[in-house]
Chemist: 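Please see the structure below; I have some questions.
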There are 2 protein chains.
Amino acid sequence: MLEAADTLFAQADGPERVTMDAIAAACSVGKGTLFRAFGSRAGLLDALWATKIDALRASVESGVAPFRQETLPQQRLAAFLDLILTFKLDNRHLIRALEFGPGILQSPHYRWMLGVTAGFIEEGMGSPPEGVVLYNAHTLLAALHIDLIEDMLANGLSLDTIREAQARRVYMAVGITESDYKTLVRT
Amino acid sequence: MLEAADTLFAQADGPERVTMDAIAAACSVGKGTLFRAFGSRAGLLDALWATKIDALRASVESGVAPFRQETLPQQRLAAFLDLILTFKLDNRHLIRALEFGPGILQSPHYRWMLGVTAGFIEEGMGSPPEGVVLYNAHTLLAALHIDLIEDMLANGLSLDTIREAQARRVYMAVGITESDYKTLVRT
DNA sequence: TGACTTTCGGACCATGAGTCCAGATTTACG
DNA sequence: CGTAAATCTGGACTCATGGTCCGAAAGTCA
């Protein structure tokens, strides 16, 4: 049932074009059933997102590949954000639908990403000023808005350029110590 | 006419609650007239935004106060972003309506902000790697999404904390030279 | 088989953006 | 002025879409 919806989103040119009626039809099921199962459009999108994101979650939490404990937090963070980037591009229509609805920031999935990101940042920085960790985590994720990414891609930035700039930014957000920052500002 | 709409947005608790019918009624005008004047809801929002943003535009382009040529680009950028922050908070409902609609990134107003931001960054950095200026400009602005700001405010970060973190980030985006960055990464 | 419960599906409702045209208002002109 | 043409106005109407609801179908048990 989710698969049918997923296919529809993947094929459609815009997420707004995928109506609940269309999804119900694609599942050869009544609209009532669809709504009984997911409660609302948002619920359906959430459920879809959940199935998609489980792979990410698993690889991060089971500490394999670039996420083993020995790897520098900076590198784990960079790898994590890069993973999210490709994930979003792979599911751009679904993600677009999610990010245009209100309340993504409250969604458990976003909250999870935020927590992971903040964790890596905290590991990487010493004891940063109050709020900086959370701010940096939020803004790193904000740089991954699908709309923004696609706009950059459509305006001449290559995916690799974006990747590099993002990595650069990660090191800046995490790798610089407070004292480095202070000497920098003082000049 | 725009004033009436503005008042409605300011009073309503959510921008979705402000319907075109309501605006037409508040203007004591027919819906037809409203649509003839602005073309669509998006057009109306845009027109409203334009009137609001003109003040910002003027102060930045006329080079007064924190925007005189002598001021460091970093400081001008920080001042600019801070201005946008307060501007967005002052007009949160309107801005929310804009940012939830698709295509803000294409809007001339956003493009203007992007240009100004990128200009300051370029002034402040030497000759950064291809695409970094644009990337940094985009992501600095992305950190100002009203939804994000309000979420942070609702989760214990004070406005001053956000301001400080933002300033910090500006200096990192602009103030660090390429060689500083490289020695940093190498460690 | 027959009474009772659960689930299904699509007709139906509510809402809000955008259209359209009959009438009002203004302009043009003799 | 008076009248005809041109323009403008407002709100009734269409249309799309998320969400509800109820009669029917299917399942369950004795």
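Computed from heavy atoms alone, side chains included, the values below leave out hydrogens, waters and symmetry copies. In what follows, chains are A, B, ... by sequence order, proteins preceding strands, each numbered from 1.
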Chemist: So, do A:Phe38 and A:Trp49 have ring centers that fall under 6.0 Å from each other?
Modeler: no
Chemist: Kindly state which residues belonging to residues 99-107 of chain B come within less than 4.0 angstrom of DNA chain C, counting heavy atoms of the residue only, listed by number.
Modeler: none
Chemist: Do A:Ile146 and A:Phe87 belong together in a cluster built from hydrophobic side chains that touch within less than 4.5 Å?
Modeler: yes
Chemist: Less than 4.0 Å between a side-chain N and a carboxylate O, is that true for A:Asp147 and A:Arg92?
Modeler: no
Chemist: Would you mind building the protein contact string for nucleotides 13-18 of chain D? One character per nucleotide, 5' to 3', B for base within reach (heavy atoms under 4.0 Å), S for sugar-phosphate only, - for untouched.
Modeler: ----SB
Chemist: Hydrophobic clustering (ILVMFWY, side-chain heavy atoms < 4.5 Å, transitive) - are A:Phe100 and A:Leu44 grouped together?
Modeler: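 No, A:Leu44 and A:Phe100 fall in different hydrophobic clusters.
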Chemist: Could you state the atom-to-atom distance from CG of B:Leu34 to P of C:dT19 in whole Å?
Modeler: 12 Å
Chemist: Quick check: any donor-acceptor pair below 3.5 Å linking the side-chain of B:Arg36 to the base of D:dG10?
Modeler: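 Counting by modelled atom types and ignoring angles, a donor-acceptor contact under 3.5 Å is found here.
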Chemist: Describe, in one word, how the ring planes of A:Phe120 and A:Phe80 are oriented to each other, choosing from parallel (under 30°), tilted (30 to 60°) and perpendicular (over 60°).
Modeler: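 Aromatic pair A:Phe120/A:Phe80 classed perpendicular.
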Chemist: In terms of the nearest nucleotide of DNA chain D, which residue is placed more toward the 5' end: B:Ser28 or A:Gly32?
Modeler: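 Closest to the 5' end, via its nearest nucleotide, is B:Ser28.
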Chemist: Are A:Val29 and A:Leu48 connected in a single hydrophobic cluster, I mean Ile/Leu/Val/Met/Phe/Trp/Tyr linked by side-chain heavy atoms less than 4.5 Å apart?
Modeler: no
Chemist: May I ask you to say whether B:Lys52 pairs ionically with B:Asp6, meaning some side-chain N is under 4.0 Å from a carboxylate O?
Modeler: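 Answer for the salt bridge query: yes.
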Chemist: Under a 3.5 Å cutoff, is there a donor and acceptor pairing between the side chains of A:Arg169 and A:Thr139?
Modeler: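 Yes, a side-chain donor-acceptor pair sits under 3.5 Å.
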